[in-house]
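Inspection log for the structure reproduced underneath, given as structure tokens.
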Amino acid sequence: MSLVEIARDGEVCILTLRREEKLNALSGEVERDLGLALDDSAVRSSACVVLTGAGRAFSAGADITEFRERTAEAVIEYYRSTGNVYERVAALPQPTIAAIHGYCLGGGLELALATDFRIADETAVFGFPEVSLGIVPSSGGTHRLVRLVGPGRAKHLMLTGARLDAPAALAGGLVNEVAADARARGLELARDLAALPALAVSLTKQAIDLMPETSREAGILIERLAYGMLAQSDDARRLADEWSKG
Ligand code: COA
């Protein structure tokens with residue numbers, strides 16, 4: 001049985017990590033199943049993806065029991081295979097939402113950072129235990145965290161291993177919202193996003209993702225090219241017509 005459950009709610013696809021007895025620790029098997037889920041037509045045809053965890057945690061991070069087996073060669077192979085799934089989540093063209101309850105640590109937080117929106121409930125606990133384990137967040141987390149919260153906050157979180165509760169994570173810019181029920185609110189936001197013109201949502205998401213990595217000139221060109229594509233779209237023509245007719 002897959003360790004990632006796939007469900008559809010209209011145009012929204014919900015992916016649930018299902019290794020609850022290990023607090024959804026991200027073993028190679030979980031990463032493999034997440035990768036397979038991303039290839040599934042239920043994800044590919046969806047307008048928005050919600051990622052969540054079964055049981056009492058979003059994810060307690062990388063599976064620590066698998067660390068011991070990692071030689072340098074195995075690490076290289078890992079990032080060529082299941083370890084690449086975090087980049088694949090980040091590269092999804094449709095918007096993605098992490099609905100977070102309970103522990104969201106290490107690789108679990110890196111997975112949440114690979115999504116576009118993080119919605120937490122009051123039970124959420126965030127942190128990066130990697131340095132205390134003698135390693136470093138290495139699933140895109142350092143790269144994404146510094147862009148999201150700036151180097152000062154990123155260093156505080158990653159070097160000290162500080163644990164943040166949901167209000168502190170909100171105040172620090174780590175999450176977008178704190179809600180009574182993260183999954184219900186995540187689904188509500190996903191339905192709202194799925195109802196918007198899909199091409200405009202996707203190109204805007206991709207343009208924003210590229211902006212911190214591009215020069216100003218390239219960024220402006222990306223905007224203009226995206227506008228050129230979108231201005232010709234059926235949605236843009238229809239919505240302009242509807243607007244002018246009142
Ligand atoms: N890797 C592998 N197994 C993990 C795990 C991880 N990252 N996190 C939790 N588990 C397992 C536990 O070993 C335990 O398994 P068991 O029931 O077979 O003994 C099960 O999940 C439940 O965890 P437990 O520690 O009993 O829950 P708790 O509520 O007492 O503590 C945590 C929760 C998150 C504080 C604790 O599990 C923990 O510190 N986990 C490691 C977090 C971490 O360092 N992650 C980052 C890795 S880079």
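Counting begins at 1 with the first residue of the sequence. Order of appearance sets the numbers: ligands from 1, and atoms from 1 within every ligand.
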Which one holds for Arg56 and ligand 1: side chain close, backbone close, both close, or neither close, with close meaning a heavy atom under 4.0 Å?
side chain
Could you check whether Thr123 and Asp121, counting side-chain N and O atoms only, form a donor-acceptor pair closer than 3.5 Å?
yes
More than 12 foreign heavy atoms under 6.0 Å from CG of Asp234: is that the case here?
no
Check ligand 1 against Leu133 and write out every atom of the ligand that is under 4.0 Å from a heavy-atom position of the residue.
44 (O), 47 (C), 48 (S)
Does the residue Gly107 have a heavy-atom contact with ligand 1, meaning some pair of atoms that are separated by less than 4.0 Å?
no
Check ligand 1 against Pro129 and write out every atom of the ligand that is under 4.0 Å from a heavy-atom position of the residue.
43 (C), 44 (O), 45 (N), 46 (C)
For Pro167 and Val178, which heavy atoms make the closest approach, and how far apart are they?
N-CG2, 4.5 Å
When you check the side-chain N and O atoms of Ser45 and Arg8, is any donor under 3.5 Å from an acceptor?
yes
Here the atoms of ligand 1 under 4.0 Å from any heavy atom belonging to Ala25 are 1 (N), 2 (C), 5 (C), 6 (C)
Test of understanding: given a 4.0 Å heavy-atom threshold, classify the contact between Leu105 and ligand 1 as side chain, backbone, both, or neither.
side chain
Looking only at non-hydrogen atoms, find the nearest pair between Leu113 and Arg144 and report the distance.
O-CD, 3.3 Å
Short list, please: which atoms of ligand 1 are under 4.0 Å from a heavy atom of Glu130?
48 (S)
Tell me yes or no: between the side chains of Glu66 and Tyr78, is some donor less than 3.5 Å from an acceptor?
no
Candidate with minimal heavy-atom separation from atom 45 (N) of ligand 1, of Ala60, Gly61, Cys104, Gly106:
Ala60
